[in-house]
Asker: 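Sending over a structure as structure tokens; questions will come in a sec.
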Amino acid sequence: MCNSLAHAEDSKNDAKNGSKMKIDLSTKIAGVKLETCVFNASGPADVTLEELEVIGKSKSSAVTMKSCTLEPRVGNPEPRYADLEYGSINSMGLPNLGYKAYIKFARVLKKKFKKPVIASISGMTLEDNVIMFKAFNNSAVDIIEFNPGSPNTIGKPIIGYDFEEMDRLLDAVSKVCKKPFGVKLPAYFDLVHFEQIAGVIKKYPVKFVTCINSIGNGLAINPYTEKPLIKPKGGLGGIGGGYTKYTTLANVRRFYELFEDKIQVIGVGGVYTGIDAFELILAGASAVQIGTAYLQKGPYIFEQVQNELGDFMANKGYKKLSDFRGQLKPL
Ligand code: RRO
């Protein structure tokens with residue numbers, strides 16, 4: 001029996017015998033060590049320092065902050081978020097306190113919680129992005145997630161679908177960024193588009209992609225009032241949560257294959273349980289973020305997903321993520 005098979009057999013026996021297996025859920029993103037592979041997504045309840053401290057206190061293995069712009073923004077008119085049966089719809093419109101606030105918050109959060117802090121940059125123009133990337137070079141953040149386009153900023157297209165603009169933006173920010181950075185991507189649906197955007201991303205020192213942002217421009221209606229559930233854009237907003245899980249899995253898988261594991265993939269979209277997380281890792285994710293489920297279930301969700309993931313791995317005889325990450329089997 002080859003070594004790895006023998007190892008798998010030992011692990012299974014450990015699990016069967018009920019002996020307590022030590023499960024290692026740690027990962028590295030862009031060279032930064034995370035205690036576990038489960039942390040919060042940028043967006044839900046991460047605008048103010050008070051909100052970020054709740055994430056800091058939780059078992060989220062990192063603190064990801066709200067996407068920021070050069071100037072503070074109040075965002076779109078309310079109601080701009082609604083829970084749905086299996087997920088959410090939002091058109092927040094990038095409400096945030098402006099990048100200078102997040103540079104300050106990062107220092108406080110790092111000191112207080114001793115876990116990696118992730119900034120999310122979402123400038124309204126190329127020039128704004130360059131200014132912010134330069135400023136974050138001298139900050140306490142460990143990693144930057146570049147969010148080149150929200151699905152909800154009124155009058156702005158989803159930039160991830162404009163490959164030439166993505167090329168220009170990545171070129172500009174790569175030249176100034178000294179922190180490890182990745183890109184948050186919208187969902188792609190066409191196989192050719194995966195190849196095109198992967199071709200652009202590979203040209204730059206991008207360390208990871210985060211798949212997926214909410215799926216743009218859904219419409220949720222209240223049949224009793226005969227009105228949309230959210231106010232901006234005639235009710236159109238990004239769909240998150242359970243509805244997105246299978247699109248997330250496909251995006252994670254396709255980018256894992258196209259990047260041949262040289263650029264990491266973070267999965268986000270539809271993670272409510274440890275098995276959801278397991279599936280994303282099996283598809284190739286190096287970490288998973290939790291967005292809608294954090295809003296709906298509260299901070300305990302991180303611990304719950306970590307515990308369930310650990311138990312599921314133990315039952316299968318897996319001790320660490322590399323025992324199964326990306327190893328989706330053919331049918
Ligand atoms: O603030 C938002 O409306 C928002 C952003 Br920046 C994003 O990237 N994704 C999303 O669903 N909402």
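Both backbone and side-chain heavy atoms feed into the values below; hydrogens, waters and symmetry mates do not. Residues take their numbers from the sequence shown, with the count starting at 1. Quick caveat: nothing in here was measured; it's all calculated off a predicted structure. In listed order, ligands and their atoms are each counted from 1.
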Asker: Show which atoms of ligand 1 fall inside a sub-4.0 Å distance from at least one heavy-atom site of Asn152.
Answerer: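 Selected atoms, number and element: 2 (C), 3 (O), 4 (C), 10 (C), 11 (O), 12 (N).
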Asker: Charged N to carboxylate O under 4.0 angstrom, Lys203 versus Asp171?
Answerer: no
Asker: Should the proximity of Asn213 to ligand 1, defined as any heavy atom under 4.0 Å, be assigned to the side chain, the backbone, both, or neither?
Answerer: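 The side chain, only.
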Asker: Taking the basic N atoms (NZ, or NE/NH1/NH2) and the acidic carboxylate oxygens, is any pair closer than 4.0 Å for Arg253 and Glu257?
Answerer: yes
Asker: Between Lys66 and ligand 1, which part of the residue brings a heavy atom under 4.0 Å of the ligand: side chain, backbone, both or neither?
Answerer: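 It is the side chain that gets close, since no backbone atom is under 4.0 Å.
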Asker: Tell me the contacting part of Asn90 for ligand 1: side chain, backbone, both, or neither, using a 4.0 Å heavy-atom threshold, strictly below.
Answerer: side chain
Asker: Looking at Leu94, which atoms of ligand 1 are within less than 4.0 Å of one of its heavy atoms?
Answerer: 1 (O), 2 (C), 3 (O), 6 (Br)
Asker: Give the residue and atom name of whichever protein heavy atom lies nearest to atom 5 (C) of ligand 1, and the separation in Å to one decimal.
Answerer: Ser150 OG, 3.3 Å
Asker: Step by step, would you call Phe255 with Cys211 a side-chain contact (heavy atoms from CB on, under 4.5 Å)?
Answerer: CA-CA 9 Å; Phe255 284 117; Cys211 305; 3.5 Å; yes
Asker: Side chains of Ser88 and Thr292: do they bring a donor and an acceptor to under 3.5 Å?
Answerer: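 The answer is yes; a qualifying pair exists.
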Asker: So, is Asn147 polar-close to ligand 1, with some N/O to N/O distance under 3.5 Å?
Answerer: yes
Asker: Tyr86 vs Tyr243 aromatic rings, parallel, tilted or perpendicular, using cut-offs 30° and 60°?
Answerer: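 If you compare the ring of Tyr86 with that of Tyr243, the planes turn out perpendicular.
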Asker: Gly238: heavy atom below 4.0 Å from ligand 1, yes or no?
Answerer: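 Contact check Gly238 vs ligand 1: negative.
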Asker: Taking NZ, NE, NH1 and NH2 as the nitrogens, is one of them in Glu51 or Lys66 under 4.0 Å from a carboxylate oxygen of the other?
Answerer: no
Asker: What orientation do Phe324 and Tyr318 show, parallel under 30°, tilted 30 to 60°, or perpendicular over 60°?
Answerer: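 Plane angle under 30°, so parallel.
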Asker: Using a plain distance cutoff, I'd like to know if Ser122 has any nitrogen or oxygen under 3.5 Å from a nitrogen or oxygen of ligand 1.
Answerer: no
Asker: Identify which one of Lys114, Lys110, Lys179 satisfies the salt bridge (Lys or Arg N to Asp or Glu O under 4.0 Å) criterion when paired with Asp142.
Answerer: Lys110
Asker: Give the residue and atom name of whichever protein heavy atom lies nearest to atom 11 (O) of ligand 1, and the separation in Å to one decimal.
Answerer: Ser214 OG, 2.6 Å
Asker: Does an N or O from Gly93, backbone or side chain, lie closer than 3.5 Å to an N or O of ligand 1?
Answerer: yes
